[in-house]
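Okay, so here's the structure we're looking at.
Residues: numbered from 1 along the sequence shown. We use all heavy atoms of the structure for the numbers below, so side chains are in, but hydrogens, waters and symmetry mates are not.
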Amino acid sequence: MRISELTERKTTRRATRNFDSEGRRIYNEFEYNLPYKVDFHGSDHKRQVAKYIDMAPFFLVLYFIFKLPIIYSFIGSIPLVMIFGSVTETLWGTTLGKKLFKIKVIDDYGNYPEISKSLKRNVLCLANFYPKFSEHTTKDVAFGTQTRFRTDLSMHMNNKLCHTYTVKESQLWTLRKMLDSQIHQKLHPDTFSIQKK
């Protein structure tokens, strides 16, 4: 079982034109199996800041200890953070910056990614910094409601191409439990059909 195959049951209520004997509207309930949403609110911004935190120690070492110019220190810290980040994601599922935000990286099976996959997603991270445009509405006492275009950077392409996920640490246990129950349900479908009866 994979995370990409996980679903969650959602129930929606739709109003009908009918009313019951007490005058209350009658609703029809519909159930759907929707793909489980792994992403969490604000993940893009937190991942960007985490990447800069990961780069900071390498930049400081190259600049203050090796006395490289600022631009060379910055450029030199990029491959170092990719390699070091790949190793720490494989061992512990996180990096220094991600640890501060309590974020973990997992593969489609809920495990920490292998070194080759982690290195690939860290290299692809460079291509993640493409702009994503959206409308942003603000309310102000002096100027009223204003709608502006906002530019955000997206951090999802490397996860999509590598079939990895960036999740909160608290979410990891829930995901693994869901994967285990789905695997158990596939292996022993009779048990679940008896429980439902």
Side-chain angles (χ1 to χ4, degrees), residues 1-14 28-55 81-130 132 134 152-197:
M1 192 71 191
R2 301 179 179 195
I3 293 173
S4 55
E5 298 171 354
L6 287 177
T7 58
E8 56 183 341
R9 202 116 176 117
K10 295 283 186 182
T11 304
T12 58
R13 297 176 71 217
R14 290 187 184 165
N28 287 334
E29 287 191 356
F30 299 94
E31 290 189 350
Y32 301 94
N33 279 333
L34 297 174
Y36 181 77
K37 188 177 178 185
V38 181
D39 291 332
F40 58 91
H41 178 69
S43 65
D44 275 352
H45 179 68
K46 287 178 181 174
R47 289 177 62 199
Q48 288 169 26
V49 175
K51 190 60 73 177
Y52 293 130
I53 292 169
D54 291 339
M55 287 179 68
V81 80
M82 286 180 190
I83 294 165
F84 187 74
S86 301
V87 171
T88 57
E89 283 177 1
T90 300
L91 294 175
W92 302 295
T94 192
T95 62
L96 174 64
K98 289 184 181 76
K99 184 68 179 169
L100 293 175
F101 288 108
K102 297 183 178 177
I103 298 173
K104 292 270 189 181
V105 177
I106 55 174
D107 63 11
D108 211 13
Y109 297 97
N111 304 314
Y112 300 147
E114 295 175 358
I115 187 74
S116 58
K117 185 174 280 195
S118 185
L119 187 60
K120 181 181 174 183
R121 72 178 298 281
N122 276 286
V123 170
L124 286 170
C125 189
L126 290 173
N128 272 331
F129 293 97
Y130 65 93
K132 180 175 67 175
S134 61
D152 297 315
L153 296 175
S154 177
M155 294 285 287
H156 293 292
M157 191 170 72
N158 61 346
N159 278 337
K160 284 183 182 177
L161 294 175
C162 297
H163 304 288
T164 55
Y165 299 91
T166 310
V167 299
K168 297 291 277 181
E169 284 180 3
S170 57
Q171 195 181 2
L172 188 58
W173 184 82
T174 307
L175 277 170
R176 287 184 175 158
K177 189 176 176 185
M178 288 174 70
L179 287 171
D180 288 343
S181 67
Q182 293 286 340
I183 291 168
H184 186 70
Q185 186 176 354
K186 278 192 171 187
L187 292 175
H188 308 286
D190 300 335
T191 309
F192 281 84
S193 61
I194 291 167
Q195 286 176 355
K196 285 180 181 178
K197 290 177 185 177

query = Do L124 and C162 come within less than 4.5 Å of each other through their side chains, counting heavy atoms only?
reply =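 They are in contact (side-chain heavy atoms under 4.5 Å apart), so the answer is yes.
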
key: T94 side chain near I103 side chain, heavy-atom distance below 4.5 Å   = no

[X], [atom1]: over 12 other non-hydrogen atoms inside 6.0 angstrom:
X	atom1	answer
Y109	OH	no
E114	CD	no
F101	CZ	yes
K168	NZ	yes

Nearest 0.5 Å, please: how far is [atom2] in [Y] from [atom1] in [X]?
X	Y	atom1	atom2	value
N111	T164	CG	OG1	13.0 Å
T95	F84	OG1	CZ	9.0 Å
K46	K102	NZ	NZ	10.5 Å
I115	L91	CD1	CG	7.5 Å
I83	T88	CD1	OG1	12.0 Å
N158	K120	CG	NZ	10.5 Å

Please find the pair of heavy atoms, one from [X] and one from [Y], that lie closest to each other, and give the distance.
X	Y	answer
I53	G97	CG2-CA, 3.8 Å
D107	I3	O-CD1, 3.5 Å
N122	S86	ND2-OG, 3.3 Å
I106	P113	CA-CD, 4.3 Å

K104 side chain vs K98 backbone, donor-acceptor pair below 3.5 Å =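 No: the side chain of K104 does not pair with the backbone of K98.
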
request  = Please confirm whether the backbone N or O of R14 pairs with a side-chain atom of N28, one donor and one acceptor, at under 3.5 Å?
outcome  =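 No, because the side chain of N28 does not come within donor-acceptor range (under 3.5 Å) of the backbone of R14.
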
request  = Establish, yes or no, whether the cationic atom of R2 lies under 6.0 Å from the six-membered ring centre of Y36 and within 45° of the ring axis.
outcome  =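 No, a cation-pi geometry is absent between R2 and Y36.
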
Side-chain donor-acceptor pairs of residues 6-13 under 3.5 Å, sequence neighbours excluded:
| residue | atom | partner | partner atom | Å |
| --- | --- | --- | --- | --- |
| R9 | NE | E31 | OE1 | 2.9 |
| R9 | NH1 | N33 | OD1 | 2.9 |
| R9 | NH2 | E31 | OE1 | 2.9 |

query = When you check the side-chain N and O atoms of D39 and Y165, is any donor under 3.5 Å from an acceptor?
reply =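 Side-chain D/A pair, D39 to Y165: absent.
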
